[in-house]
Amino acid sequence: MKKHIRYTVVFLSLFFFRTDVFSQEHSPISEIINKIYELEKEKDPKCYATANRLEDFMYGTPLNEAARNLKIEIQKEIIYYLRKKGSQEAEKDGDNSIKIKHLKTIISTLSNYNTNDLGDYEYELKTGTITISKLDYNQYASVSYSYRSLLSVEQDVLLFVSDPLLPFDSEAMVLVNEYVNILTLVTLKSADSKSRENNLQFITKALLSKSWVDVIKYSEHLKSIASVDYPNTTEISKSHKTGSNSVVKAIITQKLKSYETYNDLNASVFLRNIQVYFAKQKWPTDQKLSNELRHYYMESLIQFTTALIKVSNDNATNIIRVEQVQKALFSFQPLDINNFEDVTFFPNSKNNKVTIESYDLDAFRDSGFHWNILDYTLNDLTTAEIKSIDPNAAELIAEGIAQMGVLVLRLAGEYSHTEQKQHLDVQDIFQGFSRVQNAIDTYNFNKTEQQTTKIQSSKSVSNSTSIFKIANKKTNINFTHKSSDWLSRHIRSYTVSDSENTIKLAIPPAFGGSGVACEDINNDGLIDILLLGGYGNKLFLNSESGLFRDITKRSHINTWNDALSSFGEPRQPIIADFNNDGFQDIFITYVNRPHSMLKNKDGLNFIEVTDTANLGGAHAVAGPATTFDYDNDGLLDIFIGYFGNYVDGQLPTLSRNNQNGMPNKLFKNLGDFKFIEVEFTKNQESNKGWTQALGHADINQDGLQDLIVGNDFGVNQYYYNTPSGVFNEVSKQLKTDKPSYTMNVGITDLNGDLFPDFYISNIVVMQKDEKYVSPNSNTTMKFDRDKMTELEQLRLMIFLFPT
């Protein structure tokens, strides 16, 4: 192993960077890198995984690896076309650079798009117009996708194109970036639509290719792109050779400076993260041992990076592209990445599977250490050993270094604890790398091919061609929903303190929504409707004519809250016969006030028995509720789900399983509207999630009703009922213990096998511009009101079929 004295002197060289990167002779490459720096210096330098995740989130359907690679190549083809045609136009005018006037002429022959009064882009196709919202464009443009492709083109032109091409001037470069971004978004939106029409799980290479053709078919001129001999030519410019990685070196310097500008981390914070989050074991305090450990760890990562680059190089034709790095990384660390960017290494391995959560990887990346390792590796490699590295490939190599860096530390820490050591040592790091090697040697790589097959559509349950029509006027139902006044005032005045103890306006993680319940309350055989909202609840009585009569005032179901000078904030209505008298009663959960129980007196009038029921709710944030006979005594019991108490300033953390909410509660029905709270599970510590939805069913067919608890910011809980009345949490046993942002739980028998099936809707949120510097599982989530307006959301649906 080579010795590098530099490692024993400077711990991790966290923010070392060459100061001359932006003072080099002005060139298209330096200008592009400066534009990337301008994008990243105030925001985090987007890692490879986060950039991919944003593209997947733009319209909902993720791209598979082959499709994403094709996207890069087509972006480059378009940029090269603009560069070549632009040079011709500029030379006609005697200019020494490509200007906006030259590009506008070319673009006008390729595409027809404009901006509307809202700032949205309207792009015309032969089949119609696709609109790209201003928000979507700004989100996408905040990541340097197109600039990275511009940089890749510049590198290829430098290496492979012998004919001189003029550069874009600064304004023209901005226009090229805008145009390529628009084309890409139109293509992604079109591909997403096609994937939904064909019920595809991923946007495939073939689908993306077809979408690109649809976008560029608007102009016959773009067909000439296919004839451009780029970048497949093997001719090398006489003045350059492919072993030169000056472009990647400049990228590394830009990245390190961007990280330093953005997060201002120091070595002590990084060391703390190693001890608390990465390895979860102490670092030695003895200076000699510490230096030896630093040296060994960095040398080992450099050796890994060297091997990674060499394998990529062996598979490359004339330059190392992202495809070669993907294949090489797969041979070193096969992995799955979920929607949170958590990484599971060796996912199909029974004994070696390891999951590293995204905030641990983010905290590692925040140092810029992975880019330092790439820099040191390139310094050690000679131009004779490797070809040039494409900028996109360099991004992926750096990501692979970060992933391996945290994985080894995690495994080293586990070994160190097993050996009952007081701190990490060289042997622990050796064992960490050895465990990775053993996992590679024993892994079944044949099982890991990404599935892109078509998901089978469910059979149609009806051939009816009827459609629903709005019938509010015909039914006489008039109802408007809003949040209650007190909650609206609370949200408007909500503040949080940041790390510098300054107060800023934010929004609480409040959920706002009305409730609907339908049942026959007057026993006339017709279904009546109860609607909840912040304007007050309304009860509508059905009639044989199809008209509904508002009996809200007569029923006395509304209660004004004098303390809050507002109607209450209702959440969940339940219509059920709680006292077995043959009339359907009403139960309503509330936020920050007692839950309401209303006894149905005669089908038209209700008596409030809230105090008698004593079901809680004051100074708390309840949401969903369900009623079922958990002990089979003939009386309906009530289970109430609770959120985190945002009224008192409670916030969720970045933990994948938040347990800092309020405990859910089970109330046993004693009869005559008297309820008593019972402890329904022995493990109450797993009963403090941010519950958003509930359901009940006899999952295991033992004659007892079980519970499904859908948690926001956490893991859903599945509770099996027992004859003793104690519920056992079995999500791990059912393999449903995955992190989610669950919104609702639906239960039915989809396939007629008499087993309940579950429809769980989740929402995945990407608040891309809200960066957590050096995050961990205890870091409090941010709810900045300005940045929340620009978040991307993706709804995921999960079907579970118990057997």
Search all heavy atoms of [X] against all heavy atoms of [Y] and return the closest pair with its distance.
X: Thr61; Y: Gln201; answer: CG2-O, 3.9 Å
X: Trp371; Y: Leu256; answer: CB-CD2, 3.9 Å
X: Ile319; Y: Ser388; answer: CG1-O, 3.1 Å
X: Asp390; Y: Arg321; answer: OD1-NH1, 3.1 Å
X: Leu165; Y: Arg83; answer: O-NH2, 3.5 Å
X: Tyr259; Y: Gly368; answer: CD1-CA, 3.8 Å

Flag, side chain of [X] to backbone of [Y], donor-acceptor distance under 3.5 Å:
X: Thr129; Y: Leu125; answer: no
X: Asn64; Y: Ala67; answer: yes
X: Asn315; Y: Val311; answer: yes
X: Lys189; Y: Thr131; answer: yes
X: Thr109; Y: Ile106; answer: yes
X: Asn245; Y: Ile389; answer: yes
X: Asn198; Y: Leu200; answer: no
X: Lys387; Y: Asn313; answer: yes

Is Lys205 atom NZ crowded by more than 12 heavy atoms from other residues, nucleotides or ligands, each under 6.0 Å away? no
Is the number of heavy atoms from other residues, nucleotides or ligands within 6.0 Å of CD (Gln88) greater than 12? yes
Once rounded to the nearest 0.5 Å, what's the spacing between atom [atom1] of [X] and atom [atom2] of [Y]?
X: Trp212; Y: Lys71; atom1: CH2; atom2: NZ; answer: 8.5 Å
X: Leu308; Y: Ser331; atom1: CG; atom2: OG; answer: 7.5 Å
X: Gln254; Y: Ser144; atom1: CD; atom2: OG; answer: 7.5 Å
X: Thr187; Y: Ile130; atom1: OG1; atom2: CD1; answer: 8.0 Å
X: Met173; Y: Ser97; atom1: CE; atom2: OG; answer: 10.0 Å
X: Leu63; Y: Leu70; atom1: CG; atom2: CG; answer: 9.5 Å

Apply side chain to side chain contact (heavy atoms under 4.5 Å, CB included) to the pair Phe168 and Leu150, showing each step before the final yes or no. CA-CA 10 Å; Phe168 299 116; Leu150 264 161; 3.9 Å; yes
Can you check side-chain hydrogen bond (donor to acceptor under 3.5 Å, both in side chains) on Ser152 and Gln155, steps first, answer last? CA-CA 5 Å; Ser152 183; Gln155 183 187 49; 5.1 Å; no
Is the shortest distance from a Lys or Arg side-chain nitrogen in [X] or [Y] to a carboxylate oxygen in the other one below 4.0 Å?
X: Arg68; Y: Glu65; answer: no
X: Asp120; Y: Lys134; answer: no
X: Arg196; Y: Asp192; answer: yes
X: Lys101; Y: Asp95; answer: yes
X: Glu341; Y: Arg53; answer: yes
X: Lys310; Y: Asp314; answer: no
X: Asp214; Y: Lys126; answer: no

Side chains of [X] and [Y]: is there a donor and an acceptor less than 3.5 Å apart?
X: Glu122; Y: Thr115; result: no
X: Tyr123; Y: Ser111; result: yes
X: Glu31; Y: Ser170; result: yes
X: Ser87; Y: Glu91; result: no

Please walk me through it: do Asn338 and Thr344 pass side chain to side chain contact (heavy atoms under 4.5 Å, CB included)? CA-CA 8 Å; Asn338 68 14; Thr344 298; over 6 Å; no
Side-chain heavy-atom pair [X], [Y] within 4.5 angstrom cut-off:
X: Glu55; Y: Tyr145; answer: yes
X: Val343; Y: Glu357; answer: no
X: Ile251; Y: Leu151; answer: yes
X: Asn69; Y: Asn392; answer: no
X: Asp375; Y: Val248; answer: no
X: Lys104; Y: Ile107; answer: no
X: Leu381; Y: Tyr376; answer: no
X: Asn116; Y: Tyr121; answer: no

Test Lys194 against Glu197 for salt bridge (Lys or Arg N to Asp or Glu O under 4.0 Å), laying out the working first. CA-CA 5 Å; Lys194 288 182 175 67; Glu197 290 171 3; over 6 Å; no
Pair Gln75, Ser149 - check side-chain hydrogen bond (donor to acceptor under 3.5 Å, both in side chains), show working. CA-CA 6 Å; Gln75 282 185 336; Ser149 292; 2.7 Å; yes
Decide side chain to side chain contact (heavy atoms under 4.5 Å, CB included) for Ile74 and Leu183; before the verdict, give the C-alpha distance in whole Å, the side-chain angles of both, and the deciding distance to 0.1 Å. CA-CA 10 Å; Ile74 295 178; Leu183 286 179; over 6 Å; no
Does the plane of the ring in Tyr113 sit parallel, tilted or perpendicular to the ring in Tyr179? Use 30° and 60° as the thresholds. parallel
Lys255 and salt bridge (Lys or Arg N to Asp or Glu O under 4.0 Å): which partner among Glu260, Glu395, Glu399? Glu395
side-chain contact (heavy atoms from CB on, under 4.5 Å) test vs Asn177 passes for just one of Asn181, Val174, Val180, namely Asn181
Carefully, step by step, assess Leu207 and Thr204 under the rule side chain to side chain contact (heavy atoms under 4.5 Å, CB included). CA-CA 5 Å; Leu207 183 62; Thr204 63; 3.4 Å; yes
